[in-house]
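Structure first, then comments.
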Amino acid sequence: MAASWIIQGYDGLKPIFAAKLSTVLSEREVEQLLQRLASRHLTHAEIVSSSLRKRQKGYRPLLEVTRERRVRTILSAGENPHYIASIHTDAEIAEMDLNFVSL
């Protein structure tokens, strides 16, 4: 059964973005994509402080990617707005009511 990455963005509970991507992308590549999407909502100073090493003075975890392991792994980045990613089968995607961006 075919599967795809589903990337979704939310501003609070309001959906602001949805994309369907090939599972050829690795988990690390999807993490980087989530960070790029989340960084669009930060100031220059927040991007810099989020890019420092974790133990470095001034570090802020605004672009840290978290993993939640449930039935499937869910990756997320950002505070508000925030972005999530997980792998879904074509059958699951067909049941979703999402307006995917054109790629």
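This is a predicted model, so every value here is computed, not measured. As a basis for the values below, the full set of heavy atoms in this structure was taken, side chains included, without hydrogen atoms, waters or symmetry mates.
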TODO: Mind checking side-chain contact (heavy atoms from CB on, under 4.5 Å) for Asn80 and listing every partner two or more places apart, or none if nothing turns up?
DONE: Asp11, His82
Task: Atom pair CD1/CG of Ile84 and Leu34 - distance to nearest 0.5 Å - done: 9.0 Å
- [ ] Flag yes if Ile47 and Leu37 sit in one hydrophobic cluster, no otherwise; membership is Ile, Leu, Val, Met, Phe, Trp, Tyr, and two members link when side-chain heavy atoms are under 4.5 Å apart.
- [x] no
Task: Separation between CD1 of Ile93 and CG of Leu98, rounded to the nearest 0.5 Å - done: 9.0 Å
Task: Sole candidate of Thr23, Thr73, Leu21 that passes side chain to side chain contact (heavy atoms under 4.5 Å, CB included) when paired with Ile87 - done: Thr23
Task: OH on Tyr59 to OG on Ser51, rounded to 0.5 Å - done: 9.0 Å
Task: Distance-minimising heavy-atom pair for Gly78 and Ala38 - done: CA-CB, 3.8 Å
Open item on the list: If I compare all heavy atoms of Gly58 with all of Ser49, which pair ends up nearest, and what's the gap?
Closed with: O-CB, 3.2 Å
- [ ] Report yes or no: does Trp5 contribute a side-chain atom to a donor-acceptor pair with the main-chain N or O of Ala85 at less than 3.5 Å?
- [x] no
Open item on the list: I'd like to know if Arg72 and Glu92 make a salt bridge, using a cut-off of under 4.0 Å between side-chain N and carboxylate O.
Closed with: yes
Open item on the list: Holding to side-chain contact (heavy atoms from CB on, under 4.5 Å), I want the full list of residues that pass it with Ser26, two or more places apart in sequence or in another chain.
Closed with: Arg28, Glu29
Task: Co-membership, hydrophobic cluster, residues Ile16 and Val101, 4.5 Å side-chain - done: yes
TODO: State whether the side chain of Gln56 and the backbone N or O of Arg53 hold a donor-acceptor pair below 3.5 Å, judged by distance alone.
DONE: yes
Task: Atom of Gly12, atom of Tyr10 and distance for their closest heavy-atom approach - done: O-CB, 3.4 Å
TODO: Please tell me if the side chains of Ser76 and Val65 come closer than 4.5 Å, counting only heavy atoms from C-beta onward.
DONE: no
Task: Ser86 versus His88, side-chain donor and acceptor atoms under 3.5 Å - done: yes
Open item on the list: Does Glu95 have more than 12 heavy atoms from other residues, nucleotides or ligands lying within 6.0 Å of its CD?
Closed with: no
Open item on the list: As an exercise, state the distance from NZ of Lys20 to OG of Ser4, rounded to the nearest 0.5 Å.
Closed with: 4.5 Å
- [ ] Output the distance between atom CG (Leu62) and atom CD (Glu79), rounded to the nearest 0.5 Å.
- [x] 5.0 Å
TODO: Going by the side chain to side chain donor-acceptor pair (under 3.5 Å) test, name the single residue among Gln35, His41, Arg36, Gln8 that passes it with Tyr83.
DONE: His41
